[in-house]
Amino acid sequence: MFGLPGQGMHLRVDALSALFLCILVPQVVASAVAEMRGSLTFWVFVLGMVLTLVAGDAFTLIFGFELMSAASWLLVLRGDAKPATLYAGIAIFSGACLIPAVFLPPGALAFVLVLLGAGAKAGLAPLHSWLPRAHPAPPAGVSAVMSGGMVKVALYVLIRYGFIVFGGAAQPWWGTLLMLAGAGSVLIGALRSVLEVEMKTMLACSTVEHVGLIAVGLGIALRAKAMGDPVLAALALQAALLCAVAHGLFKPMLFLGAGAVRRATGTTSLDWLGGLMRGMPRLGGLMLAGAAGMAALPLGPGFAPEFLLLHAVIAAAATGGILARIGFTALLAGLGLAAALALAAAVRLIGIGFLGRPRSLHVAAASDAPRRVLLGMGGLGALCGLVALFPGLILALLRPVILLLVPDADPAPLAYAPLPLAFLFLLAIGGALFALQKFGVRGTREVPAWNGGFGRPPVWLPFGDPTTQPSATGFAEPIRRAIARGLLGPEAADPAEAFLLAPLARLHWRGTRLAERIRRSTIRERLAFVFGALVMFLLALGLAQGG
Amino acid sequence: MFFLLLLSRLVATLLHIAAVLALAPLLLGYVTQLRARLLGRRGPPLLQPYRNLVRRLRKTTLVPDTATELYHFWPFAVFAPLAAAAMLTPGFSTGMVTAGLSDFITLIGLLALARAATMLAGLETGFGFGGAAAAREALFGIVAEAALLVIVISFVLLAHTATIDGIAETFRTGQIGVSVSLGFALAAMLCVALTETGRIPVDNQAGHLELAMVHEAMLLEYSGRYLLLFEYAAMLRLMVWMCLIGTVFFPFGMARADAPLSWPGGLLLWVVKLAILATVLPVFEISTAKMRVFRVPEFLGVAMLLGVLASVFLFVASRLGG
């Protein structure tokens, strides 16, 4: 019925598709429960993603991919028309790269095209700058699935072609290329997520970072596989796939939370929030859990993948020559920088948005999110807890996928053990509580904050002057001054925008001006043009005939 | 026999935990007093940190009215990871029960968790000093973490294991000798340690001006038993860093957890190592001045560069040697 004439549509589910379907299901369910149940476009979008994942032939894969792009474009358009054009442009570019690539024979050209096509859709540097604009535009439920699911589908296409379809022809430099793109995304994404003030934009930048982390893992694996090192390839794949699983849980949760914050307060600008933990305690707790995942803190869902990835980079530094050693050492420094930047971004999200004092009356009067949103987020949070405490279990489930991608691999068990660590934590907290209860003075007394001796605010400002507390912009200022200006230039603008989008926009503007000039030309100019063209044509004809 | 060995390791671990938890305030007292002496003052008695902790127990805990419910959570979120780090980092002996957990990256994660909780405690009440200090701490943390990871790469490549216990074991028994890369790594690690523990030249613990504080300013709104937890956690952090440097760079004479007869010697040497490190710290502190905040990333950038050099030298040495 569908598919290419005479060939039909083939669906096939193997371990890799099953894994990505498993990543997709919880966030789609959570998003549907929270708000998107009734939207037909949303379900078409989901259908496109599922079709891409279960496709058994190239045509079905492209069909699903384009369905996903088109439906998500409609959803972005519904939120905000401005980034939708950019989004459509990127989607067309990505389709234009992927369609020839899947029908080409395996080789370098085909891989580069797949990398460009799927990478643009996944938000890999340098084609990432649409993502922080387009992902925050639609309603939160769609942002959640776009950030948590759609980029994973693009990465699925990359994995499917890089490891399986083109697997035989793989060269080490393919992996290096992927790693470089990933490292760029990690750094820029992490840095921008500290600088952005809009909560959803900040979360989208963090998505760029996590896509970069996954790409770094995949790149190391691809390089190691091509160089015949299945042990390292398995380690890096564990890191990349576990990161995809964890990110698919905590990022939708954070996006749904951002949507609830917008509904409750009318804004998602961190500079206008504050003290939400008081009015929205349950939402705040869930956001705290998600932020712990985003910051890759121990006992959170994000730590095990980060742990594996850092180990993979260290192991990779031991292979190859001096260039590889310097390169991987620099990569490790970059990943460390990005991990701490992600920590700063998460602290800023919670500390400025949810702690402290309210910055407006709307925020002070906010009440907790509706039950369905909390239900969706809570489900994702429970799964986050599972990933956080039993990452070894998830890795055991990932084993068939890794064996599918690298047939002669033997994935090692995880060296990081969260349960004993949690036991040590409980021991420390239990001991401290016991000692404080037994020997200390009990109870607390509420007093005005000391604030360095400045004393009580006047009565007409119940939360004090909002401008006297640190803002999100101010919190990022030291980082902007010390790091962002060095890496991103004095304006701290995204290099992809400055070097890629801005020239394109200029070209577009010039082309439009030219077209407009032609459209407005007078009748004399048009006649002169037709006459000139006729003369040229006759001249060319005459010269060609040797007269 | 197996159970006896396990029991011996368990006892060694408990001994280590008890020693670390008990000696952490003394270590800080020693550093503070020696620094005061070197500056020509008499300084507080050695046991003053213990007295401070006991005094905090008897004070009422005040909660600012602008704080949220999580105000009560942060002290524990700072204390627990640092206590866990102190339990993991080998002190007087290798081969403790916690050896398998003591991965270097886990330790970095634990320090990051404590840092995050401290920053959130600073942002909790929404007043300027805490927020400004948290922003600076975020900046320091970014560069420090990158530098520390770069240093770790040399250890792991030398020792072929990422656990601190395994690294100490290899460096003690193996033919590593005094290598150039370890020298670079030591210098880099000292820079990171000074930053993480908030000592001069990065931060002045004895300062009284809120604007210039980093670590202390985040705790301005805390009092009573919560302040006790924060202060004790800071002492533990100093202890963890000294144990870490002592274990990784000077592992000679460390006891083995499954050989109880080696414990007294190991304990004695451990105390001597701590005393030497705790003597070097104030001597270094009084010989430099505190840096401006925006010089610190450069300071840590040097540490990162040293870490990269250590890794590169290691490569060159292995090529020349092999």
Side-chain angles (χ1 to χ4, degrees), chain A residues 274-275 277-278 281 295 297-298 303 307 310-311 314 317-318 322 325-326 329 332-333 336-337 339-341 343-344 347 350-352 355-357 415-417 420-421 424-425 428-429 432 436 439-441 444-452 463 468-470 474-475 477-479 481-483, chain B residues 57-66 68-70 76 79-81 83-84 87 101 103 105-106 109-110 112-113 116 119-120 123-129 131-132 134-136 138-139 141-142 145-146 148-150 153 156-157 162 210 220-221 224-225 229 293-294 297 304 308 311-312 315:
Chain A
M277 204 62 91
R278 223 171 279 113
L297 288 174
F303 187 68
F307 179 90
L310 293 174
H311 273 293
I314 293 177
I322 182 84
R325 171 66 62 93
I326 296 176
T329 310
L332 193 68
L337 207 66
L341 279 168
L343 179 88
V347 164
I350 297 297
I352 306 279
L355 303 179
R357 298 172 285 147
Y416 156 68
L421 205 59
L424 289 186
F425 272 53
I429 292 178
L436 292 180
F439 304 111
V441 179
T444 53
R445 188 150 56 86
E446 191 169 291
V447 290
W450 184 59
N451 187 20
F463 302 105
T468 57
Q469 65 173 323
F475 186 83
E477 188 55 28
I479 294 169
R481 232 175 106 174
I483 300 174
Chain B
L57 271 178
R58 291 203 224 100
K59 296 271 184 187
T60 313
T61 306
L62 305 177
V63 179
D65 50 5
T66 51
T68 65
E69 289 303 310
L70 288 175
F76 295 96
F79 173 71
M87 295 178 195
L101 275 177
D103 196 284
I105 291 173
T106 309
L110 290 174
L113 180 55
M119 291 193 304
L120 288 169
L123 289 165
E124 173 65 63
T125 46
F127 284 102
F129 295 126
R136 290 175 189 172
L139 175 64
I142 286 164
E145 199 163 318
L148 193 55
L149 270 174
V150 171
I153 209 170
V156 178
L157 294 184
E210 290 96 339
L220 281 177
E221 302 292 345
R225 50 179 193 272
L229 278 181
V293 170
F294 287 99
M304 207 190 301
V308 175
S311 164
V312 171
F315 181 83

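To find a chain, count down the sequence lines: A is the first, B the second, and so on, and within it residues start at 1. Just so it is clear, the model here is predicted, and its values are computed rather than measured. Hydrogens, waters and symmetry mates play no part in the numbers below; they use all other heavy atoms, side chains included.
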Flag the one option from A:Gly351, A:Ala415, A:Pro478 with the top tally of heavy-atom pairs under 4.5 Å to chain B.
-> A:Pro478
Say you draw a straight line from CD of A:Glu446 to CG of B:Leu62; how long is it, rounded to the nearest 0.5 Å?
-> 10.5 Å
Where does A:Phe425 contact chain B at under 4.5 Å (heavy atoms): side chain, backbone, both or neither?
-> both
Chain B: which of A:Arg357, A:Met277, A:Gln469 shares the most heavy-atom pairs with it under 4.5 Å?
-> A:Arg357
If you count heavy-atom pairs under 4.5 Å between each of B:Ala116, B:Ala132, B:Gly224, B:Ala80 and chain A, which one has the most?
-> B:Ala80
Could you tell me which of A:Ile352, A:Ile314, A:Ile429, A:Thr468 has the largest number of non-hydrogen atom pairs under 4.5 Å with chain B?
-> A:Ile314
Side chain / backbone / both / neither for B:Leu229 at chain A, heavy atoms under 4.5 Å | side chain
Hey, are the side chains of A:Tyr416 and B:Leu101 touching, using non-hydrogen atoms and a 4.5 Å cut-off?
-> no
The interface call for A:Phe475 against chain B, heavy-atom contacts under 4.5 Å, is both
Highest number of heavy-atom pairs under 4.5 Å with chain A among B:Gly128, B:Ala83, B:Ala146 belongs to B:Ala146
Heavy-atom pairs under 4.5 Å with chain B, option from A:Ile326, A:Thr329, A:Ile350 with the top count | A:Thr329
Answer yes or no: is there a donor N or O on one side and an acceptor on the other, between the side chain of B:Arg225 and the main chain of A:Gly440, under 3.5 Å?
-> no
Could you tell me which portion of A:Leu297 (side chain, backbone, both or neither) has an atom closer than 4.5 angstrom to a non-hydrogen atom of chain B?
-> side chain
Considering only heavy atoms, which portion of B:Leu113 lies under 4.5 Å from any heavy atom of chain A: side chain, backbone, both, or neither?
-> both
If you measure from CG on B:Leu57 to CZ on A:Phe439, what distance do you get to the nearest 0.5 Å?
-> 8.5 Å
Residue selection (most heavy-atom pairs with chain A, distance under 4.5 Å) from B:Val150, B:Val156, B:Leu149, B:Leu148 | B:Leu149
Correct closest heavy-atom pair for A:Gly474 and B:Ala135 would be O-CB, 4.4 Å
Could you tell me which portion of B:Glu221 (side chain, backbone, both or neither) has an atom closer than 4.5 angstrom to a non-hydrogen atom of chain A?
-> side chain
On a heavy-atom basis, the closest approach of A:Ala333 and B:Met304 is CB-SD, 3.9 Å
Heavy-atom distance under 4.5 Å to chain A: side chain of B:Leu220, backbone, both or neither?
-> both
Drop me the distance from B:Thr125's OG1 to B:Asp65's CG, to the nearest 0.5 angstrom.
-> 10.0 Å
What residue, out of B:Val308, B:Thr68, B:Val312, has the most heavy-atom pairs lying under 4.5 Å from chain A?
-> B:Thr68
Ranking A:Ala318, A:Pro448, A:Pro281 by heavy-atom pairs under 4.5 Å to chain B gives rank one to A:Pro448
Look up atom CG in A:Leu421 and atom CG in B:Leu110, then write down how far apart they are to the nearest 0.5 Å.
-> 5.5 Å
Count the heavy-atom pairs under 4.5 Å between each of B:Ser311, B:Ala138, B:Ala84 and chain A, then report the option with the highest count.
-> B:Ser311
Nearest heavy-atom neighbours spanning B:Phe76 and B:Pro81 | O-CD, 4.2 Å
With the side chain counted from C-beta on, respond yes when A:Pro470 and B:Leu123 share a heavy-atom pair under 4.5 Å apart, and no when they do not.
-> yes
Any donor-acceptor N/O pair, B:Glu124 side chain to A:Leu355 backbone, under 3.5 Å = no
Examine distances only and state if a side-chain atom of A:Arg278 and a backbone atom of A:Gly356 form a donor-acceptor pair shorter than 3.5 Å.
-> yes
Among B:Gly141, B:Pro297, B:Ala134, which residue forms the greatest number of heavy-atom pairs with chain A at distances under 4.5 Å?
-> B:Ala134
Contact origin within B:Ile142 toward chain A - heavy atom pairs under 4.5 Å = both
Okay, B:Phe129 and chain A: the region with an atom under 4.5 Å from a heavy atom over there is side chain
